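All of these numbers come straight from a predicted model, not from anything done at the bench.
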Amino acid sequence: MREDVEALDIRDVTANWVNAQILERQIGDRIKALADLSGTPLFFGRLDYLHAPGLEEAEGARGERPQPEAAYRTLHIGRRHVHDADGDPMVIDWRAPVSQPFYRASKKDPMDIALRRRFGYTGGDLTAYEDEHLSDPAEAAVTSRLLQQEIERPRVGPMRDIVATIQPEQDEIVRSGLSDSVCVQGGPGTGKTAVGLHRVAYLLYAHRERLARTGTLVVGPNRSFLHYIEQVLPALGELAVGQATVDDLVAHVEVRGTDDARAALVKGDARMAEVLRRALYAHVTPPTEPVVVVRGSRRWRVPAYELDELVRQLLDRGIRYGAAREALPQRIAHAVLVQMEQAGEAPDDRVQDAVARNSAVKAAVKAVWPAVDPAKLVLRLLADPEFLAEHAAGLLDEDERKAILRSKPARSVKSAKWSAADAVLIDEATDLIRRTHSLGHVVLDEAQDLSPMQYRAVGRRCTTGSATVLGDLAQGTTPWATRSWEEALGHLGKRDAVVEELTAGFRVPTDVIEYASRLLPHIAPGLTPVASIRDNPGFFSIRPSTAEAEAADGTGDGTGDVPAACRELLAHEGSVGLIAADARISELARALSEAGLGYVAPGEETTYDTRLTLVPASLAKGLEYDYVVLDEPRAVVDGEPDERTGLRRLYVALTRAVSGLIVTHAAPLPEQLLV
């Protein structure tokens, strides 16, 4: 298929060089989408239907049946569509409706399937297969061994797709319609990130032309996370999906400053949207002077009361500040044209445009509805106590206003040390002035950590499209972490979104998730604990460190047995993550180097020679490793501004392992883990 595309000759089919350039780019994208992936098989399953699906339609289209009916009843399912030299399908795309029974069929509801076959691969070589005779009542339902092996397969490198292991409850979410916004609450290892990415792939398959026009975007918590997931969609043949963090979306200014927790909390509050709206529209001044337009020997006068009515009409319509400002000259010009017509003239649109550009009209608009720079507006709010007090009246109390006021006001937008929260405020102000471009679909992952204002920033990118919101309330680790999905979806502008909960754990071993779930009553008491479906309980060990003695007599830095634990886990196949409180990373880096253990940072590519990643606890969210060493749980908790946030950070760190976890500690464990 790739060679056929590469052999295309477009010299005689393009009308001009522009068409040729566009077609060449499309051909290049198609070739990339058909690239061979090392170790990735073209098919992973097979369905034998009792009755050939779509046979009558196929006969009607072709007027013949070139093969026996049995040939149409057997379908191989894969990551992408594959056809032979004659155009007949050899592998059916996993997203096609006819592939759905591979994920949904069961003994209770066989969906006209006689046999479902799963194929097992090792390094791209077919090594096993497993059959289920779904329509045979004599065969008992069993857990798929190959499915378990695929879930537990060692992980080295970036995240991979899960098309061979999608479960029925996940498939329902993946195949939900483009017009539907969906929120997925899922504990660690329930596959919510994979579900969100595969939903994008499905929507691109089902609505390709529409989404090609409107665009799709995946929003993640940080660059390390985006790097980790960036290969999933290309592996499924989808290359046109954008990836960004919230900070990328609102990058109107350079972020060089930071806020303390109190200031960030107030700036991220949804009330700031109304403060900004008031401050912006305070620039609109009721007119006190008429507008006099001179054209030739005639003077046309629009009185102040009529101008005031035009301004009020625009304000009442609730359109964007900038759009209203652009409309006002035309409204004034129209009032002049009415007078011209009453005087017996016959002006046309060209005359109206000329009047709208008249210097007197421009001067009136500048005085009544001046242009406003969003960054300057935010800078004034944060620097001028009286201006802030005036427009925050009834919204922010005095302490809240003091928390966000700058102690040393900047002299200009460029010299200001903007924080990440400031950038979100500027984005809000920018949208009040001119509408933000909306995409067809946005996936928002690790959403529980967003502030209300950040939700609004993401929501602006999908006002005319839909969204997939992914997160876990128990993993919220910011002072403004989401309290309920209903509240968050309101800020996002998707109040009608359906909230789905995934509780079946595929990634985290039973012993590990049960241990981590001891924290749930203290961090998210209303959530259902994740129930691991893994047959393998996993490797789990809690080890008081010999560094305890070193710490007691002051002879060590508390890194103790950590390198030894890492070396032990590196003896197994797969990736290893060493997760620790941010403040301990430099000490652990030194200890690993002294022990001769190579490592990489989150976001850097692991290799088979260097499989250890040193992970600050603040960056662990969304990542996964075959084996994890968790250093000093108490330090992870103490590294946060309050205990609840610290326990949530610990919950995240405890649940990154796929096959095994070693917890090393010299300090006492948090009492919440000792229940």
Distance (rounded to the nearest 0.5 Å) between [X] [atom1] and [Y] [atom2]:
X: His198; Y: Ile166; atom1: NE2; atom2: CD1; value: 5.0 Å
X: Arg495; Y: Leu492; atom1: CZ; atom2: CG; value: 10.5 Å
X: Thr436; Y: Arg456; atom1: OG1; atom2: CZ; value: 10.5 Å
X: Ile173; Y: Lys192; atom1: CD1; atom2: NZ; value: 11.5 Å
X: Asp29; Y: Glu238; atom1: CG; atom2: CD; value: 11.0 Å
X: Met453; Y: His491; atom1: CE; atom2: NE2; value: 10.0 Å

Heavy atoms from other residues, nucleotides or ligands near [atom1] of [X] exceed 12 (cutoff 6.0 Å):
X: Arg256; atom1: CZ; answer: yes
X: Arg406; atom1: CZ; answer: yes
X: Arg2; atom1: CZ; answer: yes
X: Asp316; atom1: CG; answer: yes
X: Arg208; atom1: CZ; answer: yes

Give me the atom names and distance for the closest heavy-atom approach of [X] to [Y].
X: Thr477; Y: Lys621; value: OG1-NZ, 2.7 Å
X: Asp472; Y: Pro188; value: OD2-CD, 3.6 Å
X: Phe102; Y: Ala164; value: CE2-O, 4.2 Å
X: Val530; Y: Ala504; value: CG1-C, 4.4 Å
X: Leu619; Y: Pro602; value: CD1-CG, 4.4 Å
X: Met272; Y: Leu396; value: SD-CD1, 3.8 Å

State whether the side chain of [X] and the backbone N or O of [Y] hold a donor-acceptor pair below 3.5 Å, judged by distance alone.
X: Glu326; Y: Ala323; value: no
X: Asp422; Y: Ser419; value: yes
X: Arg320; Y: Asp431; value: yes
X: Gln185; Y: Cys183; value: no

Residue pair [X] / [Y], side-chain donor-acceptor N/O under 3.5 Å:
X: Glu446; Y: Gln448; value: yes
X: Ser176; Y: Arg199; value: yes
X: Ser517; Y: Tyr651; value: no
X: Asp642; Y: Thr645; value: yes

Problem set entry | Intermediate values then yes/no, side-chain hydrogen bond (donor to acceptor under 3.5 Å, both in side chains), Thr216 and His441 | CA-CA 5 Å; Thr216 52; His441 191 78; over 6 Å; no
For this session: Look at the aromatic rings of Tyr281 and Tyr321 and report parallel, tilted or perpendicular, splitting at 30° and 60°.
Result: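 Tyr281 vs Tyr321 ring planes: perpendicular.
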Problem set entry | Side chain to side chain, Val250 and Leu425, heavy atoms closer than 4.5 Å | no
